[in-house]
Asks: 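Before we start, here is the structure in question, set down as structure tokens.
Throughout, protein chains are lettered first and strands after them, A, B, ... in sequence-line order, and every chain is numbered starting at 1.
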Protein chains: 2
Amino acid sequence: MVRQKTQIRKIENLAARQVTFSKRRRGLFKKAQELSTLCDIDMALIVFSATGKLFHYPSSSMNQVLERHRLQSENVGELQQPSREMQIECRKSAMLSKELAEKALELRQMKGQDLQGLDIKGLDKLEAILDSGLVEVVKTKGERMLKEISTLKKKEAQLLEENAHLKQQLAMMDTSIGQMGIHDQCCDHHSLELTISSLSSRVPPQNYHISSSDTCLKLG
Amino acid sequence: MVRQKTQIRKIENLAARQVTFSKRRRGLFKKAQELSTLCDIDMALIVFSATGKLFHYPSSSMNQVLERHRLQSENVGELQQPSREMQIECRKSAMLSKELAEKALELRQMKGQDLQGLDIKGLDKLEAILDSGLVEVVKTKGERMLKEISTLKKKEAQLLEENAHLKQQLAMMDTSIGQMGIHDQCCDHHSLELTISSLSSRVPPQNYHISSSDTCLKLG
DNA sequence: GGGTCTATGTATAAATA
DNA sequence: TTATTTATACATAGACC
């Protein structure tokens, strides 16, 4: 029953803390209200309970007061409410920038630039990495080229076969036309392409695969 | 002198109002502080004086509390735009992420990984870059090593000279002691170090530079 | 504006419901 | 949680510096 002099430090007892919060919060809001009325001033009071509940007292509109505070802070130079997301985003950006800078330096060093920052040990390590990278790249390139060569050879064989086939067809055509007594200039087949194109409409089953011959033979 | 029960209405007397504002403001901030401490809660108190002066009490960071209030308001229904800065920051992050991913891939490829995405031309280009990088690194390493070797040789010469000097001093000491008729066991100098350390207290001027011999000969 | 003093009004800790 | 009670700590009006 005897009231003690209140120590201003966190009340450890949860129940007591909640009771005190409830009482003092009311008191505080009352005081705020009184100050606002008595002295005719704008103010904002925002309180969060431990359970996350929000209490606020706005003398005028809360937003107006907050906006006014924001502007004032800006003028004073303090950065304005950067918002948690903003801070997170900024930190993220900073981290990414740092990583990017590191990777960029690593890349430049692998390309033989900016080596002044490395000691002999570092250079040796870099050399080893480049060596193994180079080995891997050369190996992969070799495999890729072998594969390409084999593919191209297959295509060549296929085309040769196709070609032979077409020539055979041509010869047969020639014979038939000869038997029909027609000796036209267009059938002198001084040009293979011309002959093929003029035949294509008449012998569709045989012109398959011709379009696949556009594969180009590029070798670095 | 007799205190009246305070009427909660605007104090018309300017001076009295200002005095009351000053006093009650302090009281309010004190109460806010106490509540915050006692109940371990976040709060914000913002007060503008009639002259436009800003006072605020943030239990944690003011910005944090305001942000929390903003979020809470948002949840209630007022959604606010994500702010231009936020959008800019997000775009920045996205760009950085993209760049980082590109650089990381380039790096992995230079290390001989993730090569499946490259065609023969790309592999060839990569090989050229690795080649020139390697050349540069090896060159730089060679230069660095030559320099190191020359430095070390210089140091070696210096140390040899120093050594010779010390041996000479020793011999002289030996002679002097011999002439003084002292033939102590400690003067058999079966250990150079022992002899030097036992002499150092007697002949301080000659022990300079001994500590410089801790230079180690590390080569990558 | 700020500090001090004093009398007195007010807030609130603790107990209780 | 909130309300009431009571004793007491605290805040502050008014006066003065």
Side-chain angles (χ1 to χ4, degrees), chain A residues 1-60 62 65 68-69 71-78, chain B residues 1-60 62 65 68-69 72-73 75-76:
Chain A
M1 194 96 159
V2 181
R3 184 175 170 183
Q4 299 172 42
K5 176 170 175 171
T6 27
Q7 306 269 342
I8 303 302
R9 73 162 78 118
K10 184 177 173 181
I11 299 169
E12 294 303 334
N13 180 305
L14 176 66
R17 190 164 70 235
Q18 284 177 337
V19 170
T20 296
F21 174 62
S22 181
K23 288 184 176 180
R24 280 184 173 254
R25 178 168 42 74
R26 286 154 166 263
L28 186 65
F29 276 85
K30 190 180 168 204
K31 289 263 179 210
Q33 158 91 269
E34 288 179 1
L35 178 59
S36 171
T37 306
L38 284 168
C39 307
D40 190 34
I41 50 114
D42 283 341
M43 58 182 299
L45 176 55
I46 303 164
V47 176
F48 290 96
S49 76
T51 57
K53 201 168 165 186
L54 168 73
F55 304 87
H56 63 246
Y57 166 72
S59 67
S60 55
M62 178 70 81
V65 176
R68 205 169 146 190
H69 173 258
L71 289 174
Q72 194 104 1
S73 296
E74 256 177 34
N75 291 343
V76 171
E78 298 174 53
Chain B
M1 194 100 164
V2 183
R3 184 175 170 183
Q4 299 173 41
K5 177 168 173 173
T6 27
Q7 306 271 340
I8 303 303
R9 75 161 78 118
K10 182 176 173 182
I11 300 169
E12 294 303 334
N13 180 306
L14 176 65
R17 191 165 69 233
Q18 284 178 337
V19 170
T20 297
F21 174 63
S22 182
K23 286 186 177 181
R24 281 186 172 252
R25 179 168 41 76
R26 286 155 163 263
L28 186 65
F29 276 83
K30 190 179 169 206
K31 289 263 178 209
Q33 158 93 270
E34 288 179 1
L35 179 58
S36 170
T37 305
L38 284 169
C39 307
D40 191 34
I41 50 117
D42 284 341
M43 59 182 300
L45 175 55
I46 303 163
V47 175
F48 290 96
S49 76
T51 58
K53 200 168 166 186
L54 168 75
F55 303 87
H56 64 244
Y57 166 70
S59 68
S60 53
M62 178 70 81
V65 175
R68 210 167 143 188
H69 174 257
Q72 198 103 359
S73 299
N75 291 345
V76 170

Asks: Return the nearest nucleotide to the side chain of A/Lys31; candidates are C/dT10, C/dT12, C/dG2.
Replies: C/dT10
Asks: Could you state the CZ-P distance from A/Arg24 to D/dA9, rounded to the nearest angstrom?
Replies: 14 Å
Asks: A/Asn13 has an atom CG; how far is it from atom C1' of C/dA15, in whole Å?
Replies: 14 Å
Asks: Can you tell me if the side-chain N/O atoms of B/Thr20 get under 4.0 Å from OP1 or OP2 in D/dT12?
Replies: no
Asks: Would a 4.5 Å heavy-atom cut-off, applied to side chains only, mark B/Leu28 and B/Arg24 as touching?
Replies: no
Asks: Quick one, B/Phe29 and B/Arg25 - any side-chain contact, counting heavy atoms below 4.5 Å?
Replies: yes
Asks: For D/dT1, give the paired nucleotide (Watson-Crick: N1-N3 plus N6-O4 or O6-N4; G-U: N1-O2 and O6-N3; both under 3.5 Å), or none.
Replies: none
Asks: For the pair made of CZ in B/Arg17 and C1' in D/dT12, what is the distance, rounded to whole Å?
Replies: 18 Å
Asks: Looking at C/dG3, I'd like to know if its phosphate oxygens (OP1 or OP2) sit under 4.0 Å from a side-chain N or O belonging to B/Arg26.
Replies: yes
Asks: Taking atom P of D/dA11 as reference, at what distance in whole Å does atom CG of B/Leu35 sit?
Replies: 13 Å
Asks: Below the 4.0 Å mark, does D/dA11 have OP1 or OP2 next to a side-chain nitrogen or oxygen of B/Lys30?
Replies: yes
Asks: Please assess A/Thr20 against A/Arg17 for the test side-chain contact (heavy atoms from CB on, under 4.5 Å), listing each intermediate value before the final yes or no.
Replies: CA-CA 5 Å; A/Thr20 296; A/Arg17 190 164 70 235; 5.8 Å; no
Asks: In whole Å, what is the span from the CZ atom of B/Arg25 to the C1' atom of D/dT12?
Replies: 14 Å
Asks: Does the base of D/dA13 carry an N or O that pairs as donor and acceptor with the side chain of B/Lys23 under 3.5 Å?
Replies: yes
Asks: Nearest whole Å is fine: how far is C/dT12 P from B/Glu34 CD?
Replies: 8 Å
Asks: In this structure, how many angstroms lie between the C1' atom of C/dT10 and the CD atom of A/Gln33, rounded?
Replies: 16 Å
Asks: For the residue pair B/Phe21 and B/Ile11, establish whether any side-chain heavy-atom pair is separated by less than 4.5 Å.
Replies: no
Asks: Hey, which sits more toward the 5' end of DNA chain C by its nearest nucleotide, B/Gln18 or B/Leu38?
Replies: B/Gln18
